[in-house]
Amino acid sequence: MTGYIFYTASTLDGFLADENDSLDWLLTQPIDEDGPHSIADLMAATGAIAMGFTTYQWLVDHITASGEEWPYPDHPTFLFTHRDVTPVHPTVTVVAGPPSDHRAAVEAAAGDKGVWVVGGGDLAAQFAESDMLDEMLVSFAPATVGSGRPLFPRAWDFELLETVQNKAFVIARYRVVGPR
Ligand SMILES: NC(=O)c1ccc[n+]([C@@H]2O[C@H](COP(=O)([O-])OP(=O)(O)OC[C@H]3O[C@@H](n4cnc5c(N)ncnc54)[C@H](OP(=O)(O)O)[C@@H]3O)[C@@H](O)[C@H]2O)c1
């Protein structure tokens with residue numbers, strides 16, 4: 001296992017999605033898909049994925065429901081939910097409770113690669129509280145939405161390791177330090 005990363009995009013005012021779970025503020029921005037910290041690079045470094053229910057449902061509603069394949073068919077995915085869900089793909093495993101309860105399974109699934117914590121922000125914070133988050137990489141889009149799904153709803157410290165631009169985005173990579 002090479003580590004846990006919360007890799008996400010955010011509005012300038014710190015939201016992963018607006019109140020209606022819209023990502024319009026993100027999907028309308030210019031980006032170089034082959035630029036720094038690309039999704040392709042992330043996927044190559046990722047052995048397992050973790051996500052919360054709203055994020056999973058967004059993918060089901062916007063991707064799988066339109067006839068496209070589940071986007072991560074080669075990556076074991078841990079879906080955190082209290083609901084009785086039948087996953088859309090056999091690589092998705094439903095779990096509940098603190099991430100630390102699932103640490104052994106997550107790390108076994110990741111093998112010699114890393115774990116991508118997709119979000120949302122509260123789940124990423126739960127991973128941090130379980131001492132299961134090493135880095136946070138945020139692509140800040142030049143837009144605000146005023147309210148919505150928060151980036152990281154805790155008082156926490158991060159150490160800035162790197163910044164780089166990819167077209168509209170400022171990408172900031174942080175070491176996850178600990179609670180303030
Ligand atoms: N900008 C980006 O790059 C980006 C990245 C990721 C997500 N997003 C978007 O941001 C939004 C995130 O939504 P969100 O803030 O609601 O977060 P979320 O993590 O996607 O979903 C939260 C839900 O997950 C379940 N959950 C979380 N922790 C759990 C635990 N320890 N055990 C069991 N269940 C748990 C709970 O649902 P139940 O109790 O109902 O099961 C909780 O209400 C979505 O719209 C998503 O599409 C954007």
Donor-acceptor contacts, no H, no angles, side chain residues 111-119, under 3.5 Å, sequence neighbours left out:
residue	atom	partner	partner atom	Å
Lys113	NZ	Ala44	O	3.1
Trp116	NE1	Tyr7	O	3.0

Let me have the donor-acceptor pairs involving side chains of residues 88-100, under 3.5 Å, with sequence neighbours excluded, atom names and distances please.
residue	atom	partner	partner atom	Å
His89	ND1	Thr91	N	3.2
His89	ND1	Thr91	OG1	2.7

Please list, one pair per line, the donor and acceptor atoms closer than 3.5 Å that link side chains of residues 144-156 to other protein atoms, with sequence neighbours excluded.
residue	atom	partner	partner atom	Å
Ser147	OG	Glu19	OE2	3.0
Arg149	NE	Asp21	OD1	2.7
Arg149	NH2	Asp21	OD1	3.2
Arg149	NH2	Asp21	OD2	2.8
Arg154	NE	Glu129	OE2	2.7
Arg154	NH1	Asp122	OD1	2.7
Arg154	NH2	Asp122	OD1	3.2
Arg154	NH2	Glu129	OE1	3.4

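Residues passing the salt bridge (Lys or Arg N to Asp or Glu O under 4.0 Å) test with Glu159 are Arg175, sequence neighbours excluded. Residues forming a ring-ring contact (aromatic ring centres under 6.0 Å, His included) with His75 (at least two apart in sequence, or on another chain): none.
The nearest pair of heavy atoms linking Gly120 to Thr55 is N-OG1, 3.6 Å. Closest approach of Asp18 and Asn20 over heavy atoms only: OD1-N, 2.7 Å. Summarising the geometry of Trp25 relative to Ala143, their closest heavy-atom pair is CB-CB, 4.1 Å, with the distance given to 0.1 Å. Scanning both residues, Val164 and Pro36, for their nearest heavy atoms gives CG2-CG, 3.7 Å. Pairing each heavy atom of Phe169 with each of Pro30, the nearest pair is CE1-O, 3.6 Å. For the pair Gly47 and Pro76, the tightest heavy-atom approach, listed with the atom from each and the gap, is O-CD, 3.2 Å.
Considering CG of Leu161 and CZ of Arg173, their distance stands at 5.0 Å, rounded to 0.5 Å. Going from atom OG of Ser38 over to atom CD1 of Ile171 covers 9.0 Å, rounded to the nearest 0.5 Å. Expressed to the nearest 0.5 Å, how far CZ of Arg103 lies from CE of Met1 amounts to 7.0 Å. Atom CD1 in Ile49 sits 12.0 Å away from atom CG in Leu79 (nearest 0.5 Å). Taking OG1 of Thr46 as the start and CG of Asp74 as the end, the distance is 12.0 Å to the nearest 0.5 Å.
Within the structure, ring-ring contact (aromatic ring centres under 6.0 Å, His included) pairs that include any residue of residues 32-56 comprise Tyr56-Trp70 (at least two apart or interchain).
Side chains of Ser139 and Asn166 form no contact here, defined as non-hydrogen atoms less than 4.5 Å apart. Residues His62 and Leu23 fail the side-chain proximity criterion, which asks for heavy atoms closer than 4.5 Å. Inter-residue side-chain proximity for Phe127 and Tyr4 is flagged as met; some heavy-atom pair is nearer than 4.5 Å.
Between the Gln165 side chain and the Lys167 main chain, a donor and an acceptor come within less than 3.5 Å of each other. A donor-acceptor contact shorter than 3.5 Å is absent between the side chain of Ser130 and the backbone of Met132.
Under 4.0 Å is where a charged nitrogen must lie from a carboxylate oxygen, and between Asp157 and Arg180 at least one such pair does.
Ile39 and Phe6 end up in different hydrophobic clusters when Ile, Leu, Val, Met, Phe, Trp and Tyr side chains are linked at under 4.5 Å. Put simply, Leu42 and Phe78 are part of two different groups of oily side chains (I, L, V, M, F, W, Y) that touch within less than 4.5 Å, one to the next. Criterion: ILVMFWY side-chain heavy atoms under 4.5 Å apart, direct or through other members. Under it, Val177 and Leu133 are not part of a common hydrophobic cluster. Ile5 and Phe80 are not part of a single hydrophobic cluster, where members link through side-chain heavy atoms under 4.5 Å apart. Phe158 and Leu123 fall within the same hydrophobic cluster, defined by Ile, Leu, Val, Met, Phe, Trp and Tyr side-chain heavy atoms under 4.5 Å apart, directly or through other members.
For Asp131, the CG atom counts as loosely surrounded, since its 6.0 Å shell holds 12 or fewer non-hydrogen atoms of other residues, nucleotides or ligands.
Side-chain contact, Thr11 with Asp13: a donor N or O sits under 3.5 Å from an acceptor N or O.
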Take Tyr174 and Leu137 through the test side chain to side chain contact (heavy atoms under 4.5 Å, CB included) and record every step on the way to the result.
-> CA-CA 6 Å; Tyr174 302 90; Leu137 189 145; over 6 Å; no

